Amino acid sequence: IAYVDPKDDQITSLQQDYIQEYMNNFESAMWGNNYEELYQDYVDEPSFVDYFLVTEVGKQVDAFKLSFYIYKDKNSNGGKLNFGPLWDFNLGYGNFDFGYSPDPQGWSYEFPDEGSWHPFWAKRLAESPNIQNLSDCRWKELREGPFQTDSLMQFIDDKVALMGPAVDRNFDRWQILGEYVWPNDYIGETYMDEIDFLKNWLQERLVWMDQNMQGNCDEYIPVSVEDSREVFAEVFPNPASGHFNVLWSSDESAELEIYDLRSSLVHSRKMETKGNHRINLDQIERGMYVLVFKSMSDQRILLTEKLVVIK
């Protein structure tokens with residue numbers, strides 16, 4: 001483990017021992033045959049999924065090993081491992097000629113094992129059925145928003161325009177166009193050749209991920225139901241626009257909590273009586289959400305459902 005905050009020369013031995021023990025316990029859990037039952041105790045699923053998807057879009061050589069940042073939340077805030085910030089994508093998007101294929105096809109988490117450089121549990125997490133199912137949910141959500149192909153192409157064009165004449169000054173100073181610079185796989189004769197290569201590579205990558213995304217969003221289980229007592233709730237319409245209804249038919253009063261796929265609470269509502277409860281969605285953005293019904297008496301999770309909001 002390399003410590004970033006606090007830094008190596010600032011972290012106390014007590015903090016260091018605590019983090020080391022936590023990581024040892026996490027890796028021991030991931031090494032066991034029942035790791036799929038245990039990883040949720042240590043890992044924030046939405047955080048890993050976001051890291052996984054952005055890393056895979058770039059198919060970067062350093063994926064899941066170098067510049068692989070992790071932080072741990074305080075116990076008062078869940079206490080789990082989160083993944084990020086994202087960093088070090090210079091050897092991605094087809095810009096490498098060693099180790100693995102730079103082509104837009106293939107998963108970077110499946111790059112050949114590199115011993116201590118590549119933690120064994122990264123592949124185990126990526127291949128966990130529930131994480132794959134959440135990845136499918138999140139990928140579909142992103143592809144309808146910031147990961148739309150047109151949006152990404154426009155983002156590249158906007159950055160090219162922003163740099164303006166600085167591009168010419170750069171290549172006047174560093175005359176590397178048309179020259180091999182480690183570890184180039186593609187060598188463009190002009191700056192726009194390089195931009196076109198990036199855009200074409202990225203478009204092919206997005207299509208490949210669309211066609212090969214693993215998991216099934218409909219089978220994602222967001223929360224373990226901690227109580228087996230039968231609870232009845234009908235959520236409709238689903239997908240919903242403007243509002244949705246919960247037909248609550250349990251004798252137990254409940255509080256409905258609505259979470260986005262990053263586990264942020266976006267709305268809550270008490271349901272103290274049987275019958276139909278109308279939930280307004282005016283302040284909730286388009287996307288996929290998890291509905292968690294909790295007992296008002298002891299906060300047990302009674303039921304979970306998925307909700308798709310369309311606008």
Side-chain angles (χ1 to χ4, degrees), residues 36-50 73-83 125 128-142 145 215-311:
E36 289 186 16
E37 302 171 9
L38 300 176
Y39 76 82
Q40 289 180 336
D41 294 338
Y42 297 92
V43 172
D44 182 87
E45 277 188 319
S47 171
F48 179 81
V49 165
D50 278 358
D73 276 332
K74 292 182 177 180
N75 289 342
S76 59
N77 191 31
K80 295 184 180 181
L81 296 175
N82 288 255
F83 295 81
L125 284 176
S128 168
N130 206 47
I131 283 183
Q132 289 184 341
N133 293 337
L134 179 56
S135 297
D136 186 47
C137 294
R138 182 66 166 149
W139 181 248
K140 290 174 180 175
E141 180 183 27
L142 290 170
N216 183 342
C217 181
D218 292 335
E219 297 178 5
Y220 172 56
I221 303 173
V223 185
S224 297
V225 178
E226 299 175 355
D227 194 280
S228 60
R229 277 181 280 179
E230 196 169 24
V231 179
F232 299 96
E234 183 179 354
V235 178
F236 64 94
N238 192 4
S241 177
H243 77 279
F244 71 97
N245 299 285
V246 176
L247 184 58
W248 187 250
S249 56
S250 172
D251 291 326
E252 188 158 9
S253 297
E255 182 167 9
L256 166 63
E257 296 179 345
I258 304 177
Y259 293 87
D260 62 22
L261 291 184
R262 292 200 53 81
S263 298
S264 297
L265 178 66
V266 298
H267 186 72
S268 64
R269 167 79 173 269
K270 289 182 171 61
M271 295 186 299
E272 298 177 312
T273 60
K274 287 183 178 181
N276 187 64
H277 299 263
R278 179 186 173 103
I279 314 297
N280 195 304
L281 294 172
D282 289 347
Q283 303 301 315
I284 297 181
E285 297 180 352
R286 174 180 178 176
M288 186 168 296
Y289 295 86
V290 177
L291 310 181
V292 180
F293 298 86
K294 291 183 177 180
S295 167
M296 289 179 59
S297 62
D298 59 12
Q299 292 299 295
R300 284 177 297 105
I301 296 174
L302 302 171
L303 183 69
T304 62
E305 295 281 352
K306 292 194 292 290
L307 175 72
V308 176
V309 176
I310 56 177
K311 291 190 175 183

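Values in this document were obtained by computation on a predicted structure and should not be read as measured data.
Annotation for Glu305 and Ala233: closest pair OE2-O, 4.5 Å, computed over non-hydrogen atoms. When all heavy atoms are compared, the tightest approach of Ala254 to Leu302 is CB-CD1, 4.1 Å. Taking each heavy atom of Asp44 and Lys80 in turn, the nearest pair found is N-CB, 3.9 Å. Contact record, Gly287 with Glu141: CA-OE2, 3.8 Å, taken as the closest heavy-atom pair. In terms of heavy atoms, Glu45 sits closest to Gln40 at OE2-NE2, 3.2 Å.
Note: Arg138 CZ to Asp50 CG = 4.0 Å, rounded to the nearest 0.5 Å. Rounding to the nearest 0.5 Å places CE of Met296 at 10.0 Å from CE of Met271. Going from atom CD of Glu234 over to atom CG of Asn276 covers 9.0 Å, rounded to the nearest 0.5 Å. Rounding to the nearest 0.5 Å gives a distance of 4.5 Å between CG of Asn82 and CG of Asp73. The distance from the CZ atom of Phe236 to the CG atom of Leu307 is 12.5 Å, given to the nearest 0.5 Å. Atom CD of Glu257 and atom NZ of Lys270 lie 9.5 Å apart (nearest 0.5 Å).
Using a distance-only test at 3.5 Å, with no hydrogens or angles considered, a donor-acceptor pair links the side chain of Ser47 to the main chain of Phe83. Asn238 contributes a side-chain N or O that, together with a main-chain N or O of Val308, makes up a donor-acceptor pair within less than 3.5 Å. Here the side chain of Asn280 pairs no donor or acceptor atom with the backbone of Arg278 at under 3.5 angstrom. The backbone N or O of Ile258 lies less than 3.5 Å from no partner atom in the side chain of Arg269, so there is not a single donor-acceptor pair. Using modelled atom types, one side-chain atom of Asn130 and one backbone atom of Ile221 make a donor-acceptor pair closer than 3.5 Å. Here the side chain of Ser241 pairs a donor or acceptor atom with the backbone of Ile310 at under 3.5 angstrom. Remark: the backbone N or O of Cys217 is not paired with any side-chain donor or acceptor of Asn133 at under 3.5 angstrom.
Listed by chain and number, the residues in a salt bridge (charged side-chain N to carboxylate O under 4.0 Å, His left out) with Asp136 are Lys140 (sequence neighbours excluded).
Note: Trp248 and Phe293 have parallel aromatic rings, judged against thresholds of 30 and 60 degrees for the angle between ring planes.
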Chi angles and distances behind the side chain to side chain contact (heavy atoms under 4.5 Å, CB included) call for Ile131, Tyr39: CA-CA 10 Å; Ile131 283 183; Tyr39 76 82; 3.6 Å; yes
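Put simply, the side chain of Thr273 does not reach to within 4.5 Å of the side chain of Ser253, judged on heavy atoms. Considering only heavy atoms from C-beta on, Ile284 stays 4.5 Å or farther from Phe244 through its side chain.
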